[in-house]
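Read through the structure below, which is laid out as structure tokens, and then see the notes.
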2 protein chains.
Amino acid sequence: MNLAEKVYRQLKEDIFDFRMLPGDRFSESEVAERMQASRTPVREALYRLERDGYVQVYFRNGWQVRPFDFRYFEELYDVRIVLECEVVRRLCMESDRAERLAGLVTIWCCKPSQRQVDPVDVAFLDEEFHFGLLECGQNKQMEAIHKDVCERLRIVRRLDFYEPGRIQATYEEHSSILDAILSADSSRATRELTRHIELSRNTVRDITVHRIQEARQRYSTDLSRK
Amino acid sequence: MNLAEKVYRQLKEDIFDFRMLPGDRFSESEVAERMQASRTPVREALYRLERDGYVQVYFRNGWQVRPFDFRYFEELYDVRIVLECEVVRRLCMESDRAERLAGLVTIWCCKPSQRQVDPVDVAFLDEEFHFGLLECGQNKQMEAIHKDVCERLRIVRRLDFYEPGRIQATYEEHSSILDAILSADSSRATRELTRHIELSRNTVRDITVHRIQEARQRYSTDLSRK
DNA sequence: GAATTCATACTTGTATACAAGATACATAGC
DNA sequence: GCTATGTATCTTGTATACAAGTATGAATTC
């Protein structure tokens, strides 16, 4: 793996885990030193992150972790709804939808005793569910765009499943979406899917503010040192 | 403007105007020499173009202009349909849609004598029409993704209006889409819009192959020299 | 004390030098 | 003639040096 690639992933993790907080300013050499690399691969990584929407550059005047903006996240959630609903509508018209969804059905339409309970696992599985839907769409570009949108949302979305009750609710919502698709009930499927995504979005919005405040206190030593 | 930015735009133009043909291999130093720049800004430009889907890098083994792939373009056209139809559906439910569409109406619902006839102008106007729709969606992220998709399609889409009859057809299709939205006839509007985009896509597919062959002959001197 | 100017330190932007790896081709061995 | 191996060349990956611009703060002037 490239050094640039390593730096890219590390920076992303730092941002995701709130070690670098929204609004923080930093310089290329600072990152280079921390990552034990020269500025060249760091710059490459930073420009990728900029295109991903995580950081922004100020001309000859440093970088900044993109400040949080809930309008931004909500708009991305909206895009997710549009893309996923489109795929679901198509699926409802396909005769082999049962086979295509078989994998998802075994995971989500199981007995309560067989359900995953760890928030991290469920966050991963939830992502797989929505990616799985897009895979059924037979449109690689739409899939790529959807993946990109989900990636941008990951920073807030992972917090969803720490909220009490959201894991159980997710199981029920997913299985009823799958049920609707299998019944070829397009309007019910899209309605349930939209509701599911909106619920997740609303939960996340409420949590995120607190998480950032927590992180800001946790790393306050680092900041004051500087 | 950055040197990297200049190189980025120039390379894009070279690819769009078929001076660099799909499938062509090239190296960073080659480009740097042609653009009178060092490899650093060239690399930055190339990595941006890679993310845009125009070129690809082979590890320590040079670059390539992305070979044409109609499946790729058709999938992107599909994404356009999904996004634009979504916005149109929303517009049909807004009470102030007449004011929002006023600009587009004066351009497209005019007398035949007032219509633009130059293919380049019409290509520009057509793009503005579809961007204009997305602007009405009040979702900046969706708008940005749509712009991105259109940008990727520009390389083939600009050929559309050189086909006899497509300019006139575009005027009629656009005005009937606008008419349907103003009548709040959501299903007719999306049907017309889908048909319009599909027609454009089909025209383009037929033309593009010939254009590349033409360009390949036109620049054959350059290639054989090398 | 307030405003202005100038110097300094710090930032990114760009060029260049070198390292590491891939490819192609010639050459040796069979 | 065929295969294997080694070398030369070319490629990108990375580090570093320098150029150009920005912000900050101290010194100066009023």
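Order of the sequence lines fixes the chain letters, A, B, ..., with proteins taken first and strands second; residue numbering starts at 1 for each chain.
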Give a yes or no on whether A:Q36 atom CD has more than 12 heavy-atom contacts from other residues, nucleotides or ligands under 6.0 Å away. no

Using a strict 4.0 Å threshold on nitrogen-to-oxygen distance, state whether B:R158 and B:D17 make a salt bridge. yes

Check every nucleotide of DNA chain C for an atom under 4.0 Å from a heavy-atom of chain B, then give the first and the last such nucleotide from 5' to 3'. C:dT14 to C:dT23

Under the salt bridge (Lys or Arg N to Asp or Glu O under 4.0 Å) test, which residues partner A:E86, sequence neighbours left out? A:R89, A:R90

Could you tell me how far apart B:W63 (CH2) and D:dT11 (P) are, to the nearest whole angstrom? 14 Å

Less than 3.5 Å apart, any donor N or O on the side chain of B:E198 or B:N202 sitting next to an acceptor on the other? no

Measure CZ/B:R25 against P/D:dT12 and give the value in whole Å, please. 9 Å

CG of A:N139 to CG of B:D78: how many Å apart, nearest 0.5 Å? 5.5 Å

Mind listing the side-chain donor-acceptor pairs of residues 122-129 of chain A below 3.5 Å, one per line with the distance, residues two or more places apart or on another chain?
from   : atom 1 : to     : atom 2 : distance (Å)
A:D126 : OD1    : A:H130 : NE2    : 3.3
A:D126 : OD1    : A:H174 : NE2    : 2.9
A:D126 : OD2    : A:R157 : NH2    : 3.0

Contact list please: residues 36-60 of chain A against DNA chain D, heavy atoms, distance less than 4.0 Å, in numerical order. A:A37, A:S38, A:R39, A:T40, A:P41, A:R60

If you assign B:S29 and A:A4 each to the DNA chain D nucleotide with the nearest heavy atom, which residue ends up on the more 5' nucleotide? B:S29

Which residues pass the salt bridge (Lys or Arg N to Asp or Glu O under 4.0 Å) test with B:R154, not counting sequence neighbours? B:E13, B:E151

B:D148: what forms a salt bridge (Lys or Arg N to Asp or Glu O under 4.0 Å) with it, not counting sequence neighbours? A:R51, B:R152

